Amino acid sequence: MGAMIEAYIERWSGFQGTTAFGWSIWREGKRVHQGATAHADSAGAESAARAFCEQILGQPPDHVTAL
């Protein structure tokens with residue numbers, strides 16, 4: 001079994017009321033990747049994070065946490 005992989009979905013709020021969502025991937029408490037593209041909603045960010053984990057790390061995240 002591999003190391004614990006966690007995906008964090010981050011909500012970014014702009015001062016003019018804008019909102020965007022980003023994501024980052026953590027393995028054993030260390031960030032291994034951060035998505036470069038902002039998404040319009042949390043579902044889009046989570047989908048991108050899951051795709052990264054499966055395509056690059058070879059497994060889905062163990063946990064997904066929305067911040």
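Source: prediction; values computed, not measured.
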- Hey, could you give me the CD/CG distance between Glu6 and Asp62, rounded to the nearest 0.5 Å? 8.0 Å

- Task: Might you point out which heavy atoms bring Cys53 and Pro61 nearest each other, and give the distance in Å?
- Result: CB-CD, 3.8 Å

- Message: Could you go through Glu54 and Gln59, starting from their C-alpha distance and side-chain angles, then the distance that decides it, and tell me whether this counts as side-chain contact (heavy atoms from CB on, under 4.5 Å)?
- Response: CA-CA 5 Å; Glu54 291 177 14; Gln59 71 180 77; over 6 Å; no

- Message: Can you tell me how far apart CD (Gln34) and CD1 (Ile25) are? Round to the nearest 0.5 Å.
- Response: 10.0 Å

- Message: When you compare the side chain of Arg27 with that of Leu57, does any pair of heavy atoms fall below 4.5 Å?
- Response: yes

- Query: Could you give the distance from OG (Ser47) to CZ (Phe52), rounded to the nearest 0.5 Å?
  - Reply: 14.0 Å

- Query: For the residue pair Trp26 and Tyr8, does the interplanar ring angle fall in the parallel (under 30°), tilted (30 to 60°) or perpendicular (over 60°) class?
  - Reply: perpendicular

- Message: If you apply the rule side-chain contact (heavy atoms from CB on, under 4.5 Å), what do you find for His39 with Trp23, and how did you get there?
- Response: CA-CA 9 Å; His39 297 270; Trp23 57 274; 3.7 Å; yes

- Message: Tell me the closest heavy-atom pair linking Ala45 and Gly22, and the distance in Å.
- Response: CB-O, 3.9 Å

- Query: Do you know the tightest heavy-atom contact between Trp12 and Ala38?
  - Reply: CZ3-CB, 3.9 Å

- Of the non-hydrogen atoms in Glu28 and Met4, which two are nearest, and what is the gap between them? OE2-N, 2.8 Å

- Query: Same cluster for Ile56 and Ile9 if Ile/Leu/Val/Met/Phe/Trp/Tyr side chains link at under 4.5 Å?
  - Reply: yes

